[in-house]
Protein chains: 2
Amino acid sequence: MKQDLRILKTQESLRHALLTLLKTKPLESITIAELCRLAKINRGTFYSHYKNVHDVFKHYLEVIVEDFRHAYEEPYHKTNFHIQHIEADMIKIFHHVKKYQDFYQIIFDERIPMMYYYQLFDTVRSFMQMSIDDSYLELDKSIKVDYLISYQTNAILGILIEWHRQGYETSIQELNQQLITILSINSPFRKM
Amino acid sequence: MKQDLRILKTQESLRHALLTLLKTKPLESITIAELCRLAKINRGTFYSHYKNVHDVFKHYLEVIVEDFRHAYEEPYHKTNFHIQHIEADMIKIFHHVKKYQDFYQIIFDERIPMMYYYQLFDTVRSFMQMSIDDSYLELDKSIKVDYLISYQTNAILGILIEWHRQGYETSIQELNQQLITILSINSPFRKM
DNA sequence: ATAGTTAATGTACACATGTTCAATATCTTA
DNA sequence: TAAGATATTGAACATGTGTACATTAACTAT
């Protein structure tokens, strides 16, 4: 059973139209009607593929997250956990966000729904989980690991929020240096 | 110059109508037209007070944040920084969120814009800044304090996100115990 | 109590949203 | 390539959005 070409064409037209519009106006001000006019798609057809404009944007974030996972899951990750690896892990996050800065500027925008933040959160969290699993094997039994992981994950995202607010002016190298300093103060990943 | 009573009446009607509607449906599905019908306010009048439904909701969050600041700024804060104080500080955040759980359930909803998250972030961040100012006076000169503070702040919010996702089932006492454990692992506020 | 100010109302308009349905066009598979 | 399946279109409808403006109502200050 082949994928129907009409569906592909419709979705690609809409996605392409969104990218085009994003060059000239913010995501929140793009209407479904506008998107359909540009894509030359009947507005009724839109609703059989997407619920709203965010639904179209979501596709790109999924591609981006997939690229993120790829960059993250490299061979050395099979090795055991070291503090050096955390540095390497996090600098990858910074590189990733910088690479897709145009998108992350949208995602961190105050008018945009939390869903994108949560998608990033979940991705970073799954990486953090792998690190924690490796390094905190003999954790205090009283700790609920979920809270620890969400704490650590969101801490990293806090750096991204700060980066965003400062207009992504801090260089990746500087950012990494800051993180190393913060971690050396907090030592969240020191051997136990 | 007195505040015009008509303005107060209009705004209070709209705010009251919003609270009423929130009992039966999610914020994102409440329309301006609906709000105005219930409040018996002409829809045109709405726009001379608010830009959208979120603008009306924002008022409540401001009241809530004000209450938060009050609860936070108590006498003992004049004393010097101790790890015990951080515990006390953070358990206040948990109490606060629990007190206004109905609102925070909305704020952390994935459909809701980031602006509310940022408002909470900024509030907690200002508290964190006070703590950092007290305790990290002789910080490594190479650190950009903004990144450190945003890191610490968002870490705490990470716990709130996890709390939200688990349906606020964890008790405040348990949450506080978790935080103490996490802090004792990470020691982010230990004396330097 | 009144004059002057200003907020609220009612109406209208152009456009967006979300849904429905019959007619048409385009695909897939045999 | 023809038949059957299904996606797209166009049209219509009720409702929401954002804005404008003349009219009416309510308020403040004197």
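A note on names: the letters A, B, ... follow the listed sequences, proteins ahead of strands, and every chain is numbered from 1. FYI, side chains are in, hydrogens and waters are out, and symmetry mates aren't considered; it's all heavy atoms of this structure. Computed from a prediction, not measured in an experiment: that's the story for all the values here.
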* At under 4.0 Å between heavy atoms, what does B:K9 touch on the DNA or RNA strands: base, sugar-phosphate, or nothing? -> nothing

* Asked: Any idea which of C:dA25, C:dA8, C:dA16 is nearest the B:R6 side chain?
  -> C:dA8

* For the pair made of CG in B:N52 and C1' in C:dA16, what is the distance, rounded to whole Å? -> 16 Å

* Structure fact -> Atom NE2 of A:H54 and atom P of C:dT17 are separated, to the nearest Å, by 12 Å

* To do: Using atom NZ of A:K51 as one end and atom P of C:dT19 as the other, report the distance to the nearest whole Å.
  => 11 Å

* side-chain N/O B:T45 vs C:dA7 OP1/OP2, d < 4.0 Å -> no

* Where each residue is assigned the nucleotide of DNA chain D containing its nearest heavy atom, which of B:G44 and B:Q3 is assigned the position nearer the 5′ end? -> B:G44

Validation: residues 17-25 of chain B side-chain donor-acceptor distances under 3.5 Å, sequence neighbours left out:
residue, atom, partner, partner atom, Å
B:T20, OG1, B:H16, O, 3.0
B:T24, OG1, B:L21, O, 3.1
B:K25, NZ, B:E34, OE1, 3.3
B:K25, NZ, B:E34, OE2, 2.7

* Asked: C:dA8, C:dT17, C:dT9: which one has an atom nearest the side-chain heavy atoms of B:H49?
  -> C:dA8

* **Test: A:K58 and A:D55 ion pair at under 4.0 Å** => yes

* To do: Verify whether one side chain among A:Y117 and A:N154 offers a donor that lies under 3.5 Å from an acceptor in the other.
  => yes

* Name the closest nucleotide to the A:R43 side chain, picking from C:dT19, C:dA16, C:dC27. => C:dT19

* Send over the distance from B:Y47 OH to C:dC13 C1', rounded to a whole Å. => 14 Å

* d(CD1, B:I7; P, C:dT6) in whole Å -> 10 Å

* When we call it a touch if two heavy atoms are under 4.0 Å apart, what does B:Q11 touch: a base, just sugar-phosphate, or nothing? -> nothing

* Between A:H96 and A:Y72, ring centroids under 6.0 Å -> no

* **Distance-only donor-acceptor check, side chains B:H59 and B:Y50, under 3.5 Å** => no

* **Closest to the A:D4 side chain, choosing from C:dT9, C:dC27, C:dA16** => C:dC27

* To do: Could you list where the contact with chain A starts and ends along DNA chain D, reading 5' to 3', using a 4.0 Å heavy-atom cut-off?
  => D:dT6 to D:dG10

* Asked: Just by distance, with hydrogens left out, do B:R165 and A:S150 show a side-chain donor and acceptor under 3.5 Å apart?
  -> no

* **Protein-nucleotide distance (A:N42, atom CG; C:dT19, atom P), rounded to Å** => 15 Å

* Between A:R37 and C:dA16, does any side-chain N or O lie under 4.0 Å from OP1 or OP2? -> yes

* To do: Please say which of A:F94, A:F108, A:F103, A:Y104 ends up in a ring-ring contact (aromatic ring centres under 6.0 Å, His included) with A:H164.
  => A:F108

* Structure fact -> Side-chain atoms of A:K2 come closest, of C:dT29, C:dA8, C:dC27, to C:dT29

